[in-house]
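One structure is given below, encoded as structure tokens.
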2 protein chains.
Amino acid sequence: MTDALEPSPDLTRNQALVFGRLTEAEAPLSAYTILDQLRNDGLRAPLQVYRALDKLVEYGLVHRLESLNAFVACNHPAGENSGASHGTVAFAICEECGGVTEFAEQDVVKRLQGWARTEGFHAHSTVIELRGLCENCTTA
Amino acid sequence: MTDALEPSPDLTRNQALVFGRLTEAEAPLSAYTILDQLRNDGLRAPLQVYRALDKLVEYGLVHRLESLNAFVACNHPAGENSGASHGTVAFAICEECGGVTEFAEQDVVKRLQGWARTEGFHAHSTVIELRGLCENCTTA
DNA sequence: GTGTGGAATGTTATGTCATAACATTTGAGA
DNA sequence: TCTCAAATGTTATGACATAACATTCCACAC
Ligand SMILES: [Zn+2]
Ligand SMILES: [Zn+2]
Ligand SMILES: [Zn+2]
Ligand SMILES: [Zn+2]
């Protein structure tokens, strides 16, 4: 229903820079924020970042958060810097601290697949994003 | 978990124009597309459209599709032009014909609520969007 | 009927996100 | 060494969204 498997070859220089920056970040980053933080590494134009992001998303190393127009490094269990790839996942996005939790609920995916099957809809990607407050920010 | 109930008062002129245009459309419309189509009705600036959209979304008459940066009129069973409001729904978006199907899968919502409860995450809105091909466009 | 305040509106300018188009460089394999 | 596909560099432009401020509208109190 989602995410064709892709090999994850060695990263190019720009891809490694962008991926490294996202891996260090504690919250999603926009492409322009990434660009600003990589000026000293030689990046100058948005396209350099967007092209790297396109590949990283294709490899399954990075996810795009549609409701934020921003990107996060994958934290999938097997999602190290090797050949990582996985199916549909969901994101919980805290609007106070910006933190993002990636999680997989197989029953949710199954249910959506079930709906798609009965309707004849052929999904190739699925977006699931919860917006709200994480536990820390609720109690605080 | 989502969508506080809101009364849906009489629509203002701009709100009615925008809602009418979305209701007639067969696919999602961007704010700027709506603006272009309402120039002859006196609308001139993006903010006039965005402000109307904000209210219509608040009233539950219109939904924003995050993965498209576009808007659709609600087709909820009780979602006429009266006081309509409902919980979390999902959207199936055809990338061939542009058609959007709004549907509710209570088990999906329950499962996501379950995850949120165990994690202490307090969601106030939920985005579920499937991207792919509808039945017509798959067979065609 | 007049005054008043909140909501809606109108308008200009600006900020943010993303891609088109084209030139150049790089590097693996014939 | 040649060659071609992939990656990169660069400029310009397109698409989506909001800040800031002035004005109008209208229900409601007086
Ligand atoms: Zn992941
Ligand atoms: Zn938080
Ligand atoms: Zn609806
Ligand atoms: Zn279709």
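Letters A, B, ... mirror the listed sequences (proteins, then strands); counts begin at 1. Computation of the quantities below employed the complete heavy-atom set of this structure, encompassing side-chain atoms and omitting hydrogens, waters and symmetry-equivalent molecules.
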Worksheet item: Given atom CG of B/Leu17 and atom C1' of C/dA8, what is their separation to the nearest angstrom?
Response: 14 Å

Discussion item. Taking transitive links into account, so neighbours of neighbours count too, which hydrophobic residues share a cluster with B/Val127 at under 4.5 Å side-chain distance?
Written reply: A/Val127

Discussion item. Using the salt bridge (charged side-chain N to carboxylate O under 4.0 Å, His left out) criterion, which residues pair with B/Glu129? Sequence neighbours excluded.
Written reply: none

Discussion item. I need the CG-P distance between B/Leu53 and D/dC16, as an integer number of Å.
Written reply: 13 Å

Fill in: For A/Arg51, all residues meeting salt bridge (charged side-chain N to carboxylate O under 4.0 Å, His left out), sequence neighbours excluded
none

Scan nucleotides 25-28 of chain D against the protein and return all N/O pairs shorter than 3.5 Å with their distances rounded to 0.1 Å.
none

Discussion item. Among residues at least two apart in sequence or on other chains, which ones pass salt bridge (charged side-chain N to carboxylate O under 4.0 Å, His left out) with B/Asp54?
Written reply: none

Counting only pairs under 3.5 Å, give me each side-chain donor-acceptor contact of residues 21-28 of chain B, with atom names and distances, residues two or more places apart or in other chains.
residue, atom, partner, partner atom, Å
B/Arg21, NE, B/Gln37, OE1, 2.3
B/Arg21, NH2, B/Gln37, OE1, 2.8
B/Thr23, OG1, B/Phe19, O, 2.7

Fill in: Neighbours of DNA chain C within residues 36-45 of chain B, by heavy-atom distance under 4.0 Å
B/Arg44, B/Ala45

Which donor-acceptor pairs under 3.5 Å do the side chains of residues 133-140 of chain A make with protein atoms, sequence neighbours left out?
residue, atom, partner, partner atom, Å
A/Thr138, OG1, A/Cys134, O, 2.9
A/Thr139, OG1, A/Glu135, O, 3.4
A/Thr139, OG1, A/Asn136, O, 3.0

Worksheet item: Is there a chain of hydrophobic side chains (I, L, V, M, F, W, Y, each step under 4.5 Å between heavy atoms) that links A/Leu17 to A/Val57?
Response: yes

Worksheet item: Between atom CD in A/Glu66 and atom P in C/dC17, what is the gap in whole Å?
Response: 14 Å

Worksheet item: Which pairs count as ring pair (Phe, Tyr, Trp, His ring centres under 6.0 Å) when at least one residue sits in residues 93-120 of chain A, sequence neighbours excluded?
Response: A/Phe103-B/Trp115, A/Trp115-B/Phe103

Item to complete: Identify, with sequence neighbours excluded, every residue that meets side-chain hydrogen bond (donor to acceptor under 3.5 Å, both in side chains) alongside A/Asp41.
Response: none

Worksheet entry | D/dA6 OP1/OP2 closer than 4.0 Å to side-chain N/O of A/Thr12 | no

Discussion item. I'd like to compare against my own output: the B/S/- annotation of nucleotides 18-29 of chain C with a strict under-4.0 Å heavy-atom distance to protein.
Written reply: BBBB--------

Worksheet entry | d(CG, B/Asn14; P, C/dA7) in whole Å | 17 Å

Worksheet item: salt bridge (charged side-chain N to carboxylate O under 4.0 Å, His left out) with A/Glu119: which residues, sequence neighbours excluded?
Response: none

Worksheet item: Between atom CZ in B/Arg13 and atom P in C/dT9, what is the gap in whole Å?
Response: 9 Å

Worksheet item: Is it the case that more than 12 heavy atoms not belonging to B/Glu95 sit under 6.0 Å from its CD atom?
Response: yes

Worksheet item: OP1 or OP2 of D/dG9 sitting under 4.0 Å from any side-chain N/O of A/Gln48?
Response: yes

Worksheet entry | Nearest-angstrom distance from the residue atom CG of B/Leu35 to C1' of D/dT18 | 15 Å

